[in-house]
Amino acid sequence: MLSVDIHSHLMPGVDDGSQSPVETVAMARGLADLGVRRVYLTPHQFKLGNHFDPMELDRRTGEVARLLEGAGVRIEVRRGAEHYYGVELLDAISGGAELATLDREGERCLLVELPLNQPAVGVRRVGEALARRGILPVLAHPERTAGLSRDPGRARAWRDAGWRFQLNLLSLVGRHGPEAREVSRVLLMDGLYDFVGSDLHRPAELDSLRAAHDAFRALARHEVTA
Ligand SMILES: [Fe+2]
């Protein structure tokens, strides 16, 4: 259940995650020690000035795979990206541009991060547009979305529109504040998460991640896909 990590910032030097190959190796080794067998590299896209071509992401992912192999870290790395929900993503979807999906057992998924401090409009419609292209829309860490605890019906409405949810494991142990901690625990116990990820940015977060893995095992009452 926790053997696949679908959200991480291990690709070095591209965003606010890993700042060097040394940090990448340290984080990957930490994940492997926790029992993770496959990690998706999901650098920010349409944020922090990043506009990655899917082929460029494939190339960089291959570089990380070779780096880890050379360091003796036994973990599979796969391509992904974390897309910021904003004008550039909406233009890319409506314009039919190729999207940096992550592939899970033959299913194309798009990991999307909503703005944290302001309401997002059109979420249902975007989910439906992605589904029409044969892409599974996945919301990154919905528990971090402002105000969700006061409006739990919104989470249900997003799921009804086809969105699937990815839990940030670190939310369970308060890494993103008390509200995200509470919401993550409610959504998890209600069985509303389909994917889990660390959203790991720094080697220093590995201790908290170990506690988060333990919390997940204690709380999860249903099968989480990946
Ligand atoms: Fe992230």
Side-chain angles (χ1 to χ4, degrees), residues 2 4-20 23-24 26-28 30-31 34 36 38-52 54 56-57 60-61 64 75 77-86 88-89 92 99-104 109-118 120 123 126 130 135-146 148 158 163-177 179-181 183-184 187-188 193-206 208-209 212-213 216 224-226:
L2 288 170
V4 178
D5 185 332
I6 205 167
H7 185 165
S8 79
H9 296 270
L10 266 61
M11 190 177 281
V14 293
D15 61 11
D16 53 351
S18 172
Q19 298 302 300
S20 69
E23 286 195 353
T24 297
M27 287 191 275
L31 290 176
L34 285 170
V36 176
R38 179 193 300 169
V39 60
Y40 287 82
L41 308 184
T42 56
H44 287 292
Q45 172 84 320
F46 304 136
K47 190 177 176 183
L48 305 176
N50 284 346
H51 301 83
F52 290 115
E56 172 72 3
L57 285 174
R60 290 174 182 257
T61 301
V64 173
I75 194 166
V77 292
R78 294 273 190 99
R79 181 194 88 186
E82 178 181 19
H83 297 76
Y84 185 70
Y85 187 92
E88 289 163 290
L89 175 62
L99 297 165
T101 53
L102 59 85
D103 296 338
R104 188 188 58 89
C109 306
L110 196 79
L111 187 66
V112 178
E113 168 191 31
L114 294 180
L116 297 181
N117 300 313
Q118 62 197 53
V123 178
V126 169
L130 288 168
I135 296 172
L136 185 71
V138 178
L139 269 189
H141 44 67
E143 71 275 4
R144 297 184 64 191
T145 303
L148 203 63
W158 289 339
W163 285 94
R164 293 295 168 257
F165 290 178
Q166 173 254 312
L167 163 70
N168 260 24
L169 286 162
L170 289 169
S171 295
L172 294 174
V173 292
R175 169 74 172 76
H176 305 297
E179 182 175 351
R181 180 181 187 275
V183 175
S184 67
L187 293 179
L188 180 58
Y193 286 117
D194 305 276
F195 302 94
V196 295
S198 62
D199 201 2
L200 197 61
H201 282 68
R202 296 271 177 280
E205 294 170 320
L206 284 166
S208 297
L209 187 60
H213 273 236
F216 179 88
V224 176
T225 312

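Remember, it's 1-based here, ligands and their atoms both numbered in the order they're listed. The shown structure was predicted, so the numbers you read here are calculated from the model rather than taken from an experiment.
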Task: Name of the Glu82 atom (N/O/S only) found closest to the Fe ion (ligand 1) - done: OE1
- [ ] Output yes if His44 passes the N/O/S-under-2.8 Å test against the Fe ion (ligand 1); output no otherwise.
- [x] no
TODO: Among Leu136, Val126, Leu89, Leu139, find the residue that satisfies the side chain to side chain contact (heavy atoms under 4.5 Å, CB included) test when tested with Leu110.
DONE: Leu89
TODO: Check the angle between the aromatic planes of His176 and His141 and answer parallel, tilted or perpendicular using the 30° and 60° thresholds.
DONE: tilted
Task: Minimum-distance N/O/S atom that Asp199 presents toward the Fe ion (ligand 1) - done: OD1
Open item on the list: Angle at the Fe ion (ligand 1), NE2 of His7 to NE2 of His9, rounded to 10 degrees, please.
Closed with: 100°
TODO: For Trp163 and Val123, indicate whether the former's side chain and the latter's backbone hold a donor-acceptor pair under 3.5 Å.
DONE: yes
Task: Within 6.0 Å of CZ in Arg164, more than 12 heavy atoms from elsewhere - done: yes
